[in-house]
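Below is one structure; the comments refer to it alone.
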Amino acid sequence: MSQRLRLGLFVLVLLAAGYYTWVNIWSNRGYAPEQPIPFNHKLHAGDHHIPCLYCHTNVERSAHATVPALNICMNCHSIVAVNKPDIMKLTAAYNSDKPVEWVRIHKLPEHSYFSHERHIAKGFDCAECHGPVETMEKVYQYRKLNMGDCVSCHRQNNAPTSCNTCHQ
Amino acid sequence: MSKPDNKTNNLRMQSGAASRAAHWTTLEEWRGDGDVARLRGEEFFEQPERYFAAEEAARLTGKRPGALLETADFVEMGVLNNGGPDGGFSRRDFLKLSAAAMAFATAGCALRPAEKIIPYIKAPEELVPGVANYYASTLSDAAGTGVLIKTREGRPIKIEGNPDHPLSQGKLTAAGQLSLFNLYDPDRLQGPVKLSGARSPALPILWPTADAEIAVALTAAAGRAALLTGTVHGPARTRIIREFQAAFPGTRHVQTDAWTQEATRAAQNRCYGAAVLPRYRFDKAEYVLSLGSDFLGGGYSALEWSVDFGKLRKVRDGKLSKVTVVEPFLTQTGANSDVRLRVRAADVIKVALAVANDLIAHDPTLKPLRGALSQYTPDAVERELNLPAGSITDIAHDLLLHRGESLVVAAENESLQIIANYLNSMCGNDGRTVDVSAPSLQSQGSHAELLALIADMHAGKIDVLIFYGTNPGYFLPETAGFAAALGKVKTVVSLADRVDETGRYAHYVLPGLHWLENWGDAQPRAGLYSLTQPAIYPLYDNRAAEDSLLAIAKAAGAGALGKFSGGWHEFVKDTWQTHVYDARRYDAAFEQFWNSALRDGVLDTADGQAAPSRFFKMEALLAVDVPGPAANGLELLVYPSPNLGDGAHANNAWLLECPDPVSRITWTNYASLSPATAERLGLREGDIVRLAADGTEIEAPVHIQPGDADETVSLQSGWGRTLAGKVGSRAGSNAFAFRRAENNRLRAAIACTITATGRREKLPCVQGHHYLEGRPIVADAALEDYLRDPQAGHPHKHAIHSLWPEHDYPGNRWGMSIDLASCNGCNACIAACQVENNIPVVGRDMIVRGREMHWIRVDRYYRGEPENPEVCFQPMLCQHCENAPCETVCPVVATVHNEEGLNQQIYNRCVGTRYCSNNCPYKVRRFNWAEYSFAAYDAHPLRLALNPDVTVREKGVMEKCTFCVQRIREGKVKAKQFGRDVADSDIRTACQQTCPTDAITFGNFNNPQSQVARNMADERSYRVLEELNVKPSVVYWTKLRNRPSLGDGGHHDGEGEHA
């Protein structure tokens, strides 16, 4: 193999690797931070079949699905599993009026507006973007959720792609 | 801006006339003087060789050609910093910036900045994060305007008119909307303070301690106490004062305002035997005569009147209301008149008497009066005041023609008010357009009572003084001796939200709440009740003024208040039960009644029947001051600011930057002079002068205002506060200094002198950055011309061939129509747009450089001679052109067209080349030259006012009107939920929603049934600069005036040729 060919291959590999990094560097896919209370989605949504909307109450009427207020947790946990250490932590927070500071997992790029309400109204399943949450002991980001991801899905579904669909 | 040598220009010089279009914006443009002519010549570089020759000459002489003002001029005026010896920024600055840039760049690389989500512990039932809640409430101003407060996640972010409230009818003034920022004012006190003496430092104190100390003082005072407030109405707000007086017997209550309506009430009393403030029915007045009254900009119920007035300023079956204004300086009302007579302040009454004289001539029963008025025949007065022949008989004729549906309003002067009452009674207007069946309670302040109180304070008869809602330390002149009188009072308590000009003499300042944090009520007119409810928990450790009264009474254990267990909230509710609910028969239980009153915010119990007309007492006419011989010298007139009110809004940067409706000047007040007077005095625009009248002197810049009467100086009050806060304490000068306590003389002309200081500054005016270049931007026509030809006044049509392929708009297509005949230049749209779209203020220096950020502006054009020009207002915003010139020049495709006809600006793509702005024929694009948003909103808690639905723009980014794309999206979602097409009512832009005269219509013009499509199809509509073929999505309706035709045409009139 000539020197020149090897150099050419090297550049190509470099370019491909560069492209891959460039595309993926802007995505938080797979992000699964530690939470102050290790809430287990597999246990709640999977084993106990609690519907998503039981906790994420506003997903049908607001842009935000909203992380539930502690009073929703207390609906069950004032009776259920009250003496597990994490639940005691939760109860303590509830009783002392100190909110739990969850670490945000899903964050769209700056300058973009996304409405859960419209997507749910169109009939998309939560799993479309959030993946098999009912199997996740620790929730991670399932999709890229970057601009390319949004736009390609909008194209596939014949949704508008003009700029101020998301940027306003 | 004129150069010194323009002083010699004769005003009536006709040199520019040949190439002049009908309209003009500044006097320089009207005169066509050197700078304008040169700019016009240079616009397209017609002769490059000449231009370069001039450049070369400039290089040799070291002077720059072409600029209206040299850089040195700006430096001299303090507009530009010299920036060191070489004019650029220094090496140190460069290094600092580089370091900052590096820090930001690396910070931006962090992939996963941990962000927290903090949910509620117990979620409030009515609150959904991401969805706005609206609460009905009432503005705290004396007018008692009902509003809706939009809150997001518990923060008030916008104030809109309450559609159910008869005073606002869903509309709101600029001042009302922008009062939102008073809530988030960083200069508010954050807890009670005690001052050991006048001007001593304020030290924090605990609420119970303050209450106890004041209670002891009040008990010891044994009736030698007084409550000093602004106008107070509303069942609970008046009752708490009564109960407080009962708890501390002998306590006096005095209401006073910076501007009172005592003359109106006194004239009513003299003419009809009852001192009331009438409710004017502008919605029934086909003919309005204003005798010096600026009812649109400065009346006691200005918003209600603007809305009602606007209803008849629409062409209805060929009919349009008519307005004649007689006034000494150009006001917003004068700018909206059909016929305007420019006379000096003292001469307004002569015109009024001549009108009365002419009317009497038609009525043989009034012969005895004729003798008294014989001196004021229309002919003689017209000749004396140099008015057009027949102008006074025309007024009398119009009054007769519209018997029962005309209205005469007058300035706050007893004689003028009496004549206005007489004219109204004579023309059968009383009981129709002048309604006293439900009199207004919107102004109850009395200057005389304030003076009596000051005298008693001097005499040592007052030991405790508590005041709120008024600031006499600011609006009284030093000669009134208010400060000295306060020094004689043992305990002075201020319930204002800061240590203001009065509060600095207080011993305790117990900061009250902003009305958005507070309960309360209002009764703007008899039978109309309005509720105030809090939309946010108090931001600081402050307490409602009324709660302070309750707490003090409780600490003293005095009277019924001392036993009252609840707080101010309970008190309001209790009052509504005992005074409103129990007084009438309602089927519902009280809780139900209360909840529905809270939801609606308003309760109108008046039957809506106007009272029968009253009997006018002829002897009242004898009290009219017969005007003396014509005065000759310079006269000063002080008038209230439409934006700052009595100065209460002075620390609100958004209101300081809101332009004056007529002069379009921001951030300062100014001495306004007529062109001829300025010429006589040798003064130029921006010269700083010293105004002096009986020993009082203040400095103010000169503004030359076309339409002002000669030898008249007018000066706006509300400016020049000294203790307003960071921004308010530096803006303008205090016109109240000229008030003389003894006769409350502000409403009359004051003889004054004016001397130049030799200093000069460029006025921060938002009009006049550009010239019309002789092009027809604004179209106007007389009503009769319009009725003959609906296209009268339009620019003539051009045959246009397009280079561009047509766009395809399969679904909606957004467009707007604006009725120039309805627009009264009030700035409400500007305010609504700013609050809705997070538009920051940029400050005085940036305005001077032409860098304002208002997405919608209101352009003011003059027509005719500068002595008394006609005025056109034209709201100008992004025209969302189909062939948008901005789109084709953007190198990074940051501004693009969408499938619904919107011209989109994508902030994160914009790199700030500003090519788009350069190529925009309408000059509506706004550039972030600095971090305006951070500067404007970063002071906590101002950022709480931001609308989370709109991106906050940063430095280096272009922005412009989006047609409120967030509202379009919201409306579309709403329509989709119901599975139907978008209707007109689904989407209303912020400017459209608040426009008091409904001048703006927005909608989908792909739907031929929509109002905007019908408006666009109307022959009265035209597009600005249609010949450029940019195809704007905004159409304008010709401005119409109900006056005889002047026989002039439209576009290219007087230009004589057309290429």
Side-chain angles (χ1 to χ4, degrees), chain A residues 24-28 30-36 55-74 93-107 109-118 121-122 141 147 160-168, chain B residues 108-109 111-125 127-132 152-153 810-811 837 893-910 947-954 957 962-970 972-974 976-977 979:
Chain A
N24 283 281
I25 200 170
W26 304 116
S27 152
N28 271 358
Y31 181 48
E34 290 298 325
Q35 298 291 355
C55 298
H56 302 286
T57 45
N58 296 319
V59 71
E60 288 180 313
R61 46 183 176 158
S62 167
H64 310 295
T66 60
V67 169
L70 294 193
N71 60 335
I72 295 183
C73 309
M74 296 312 285
Y94 181 77
N95 290 335
S96 64
D97 258 8
K98 280 222 172 89
V100 179
E101 300 191 2
W102 304 101
V103 182
R104 184 171 186 176
I105 302 172
H106 302 94
K107 185 169 186 302
E110 299 287 347
H111 295 285
S112 53
Y113 287 80
F114 172 85
S115 170
H116 277 92
E117 177 201 1
R118 278 316 299 155
K122 269 283 173 190
Q141 185 174 323
M147 183 161 158
T161 52
S162 73
C163 304
N164 57 25
T165 310
C166 300
H167 304 294
Q168 62 188 33
Chain B
C109 279
L111 247 184
R112 283 158 193 163
E115 223 172 76
K116 296 287 168 60
I117 296 180
I118 305 171
Y120 284 102
I121 293 165
K122 300 175 186 82
E125 223 174 294
L127 197 145
V128 177
V131 178
R152 274 290 297 270
E153 287 87 55
N837 292 303
V893 209
T895 183
V896 286
H897 215 68
N898 86 352
E899 69 281 354
E900 296 188 336
L902 293 182
N903 171 258
Q904 316 167 98
Q905 177 69 28
I906 311 305
Y907 309 121
N908 39 336
R909 202 177 252 183
C910 175
N947 181 359
D949 285 338
V950 178
T951 305
V952 176
R953 287 80 55 184
E954 59 186 355
V957 170
T962 61
F963 268 171
C964 285
V965 62
Q966 67 281 5
R967 288 183 174 224
I968 294 179
R969 180 204 297 260
E970 203 185 312
K972 277 162 66 176
V973 168
K974 194 162 82 184
K976 269 183 196 162
Q977 275 173 349

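Every heavy atom of this structure was used, including side-chain atoms; hydrogens, water molecules and symmetry mates were not. Convention: sequence-line order gives letters A, B, ...; per-chain numbering from 1.
Proximity to chain A is absent for every atom of B:Ile968, based on heavy atoms less than 4.5 angstrom apart. Contact of A:Pro33 with chain B is not made at all, since no heavy-atom distance falls under 4.5 Å. If you measure heavy-atom distances from A:Thr57 to chain B, you find no contacts under 4.5 Å at all. If you measure heavy-atom distances from B:Ile118 to chain A, the contacts under 4.5 Å come from both the backbone and the side chain. Residue contact with chain B, scored on non-hydrogen atoms closer than 4.5 Å, involves the backbone and the side chain of A:Val103 alike. Using a 4.5 Å cut-off between heavy atoms, B:Pro948 touches chain A through its backbone atoms (N, CA, C, O) alone. Neither the backbone nor the side chain of A:Pro36 comes within contact range of chain B, judged by heavy atoms closer than 4.5 Å.
Among A:Ser112, A:Ala69, A:Pro160, A:Ala93, the residue making the largest number of heavy-atom pairs under 4.5 Å with chain B is A:Ala69. Taking B:Thr951, B:Val131, B:Val965, B:Thr962 one by one and counting their heavy-atom pairs under 4.5 Å with chain A, the maximum is reached by B:Thr951.
Listed here is the closest heavy atom pair of B:Ile117 and B:Pro119: O-CD, 3.4 Å. The two residues B:Gln904 and A:Asn164 come nearest to each other via the heavy atoms OE1-N, 2.7 Å.
Salt-bridge formation is not detected for the pair B:Arg969/B:Asp949: no Lys NZ or Arg NE/NH1/NH2 atom is positioned less than 4.0 Å from an Asp or Glu carboxylate oxygen. Taking the charged nitrogens against the carboxylate oxygens, A:Glu101 and A:Lys98 have no contact shorter than 4.0 Å, which rules out a salt bridge.
The number of heavy-atom neighbours closer than 6.0 Å to CD of B:Glu153, taken from other residues, nucleotides and ligands shown, is above 12. The local environment of CE in A:Met74 is crowded, with over 12 non-hydrogen atoms from other residues, nucleotides or ligands closer than 6.0 Å.
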- Dump the intermediate steps for side chain to side chain contact (heavy atoms under 4.5 Å, CB included) on A:Gln141 and A:His106, then the final yes or no. CA-CA 6 Å; A:Gln141 185 174 323; A:His106 302 94; 3.9 Å; yes

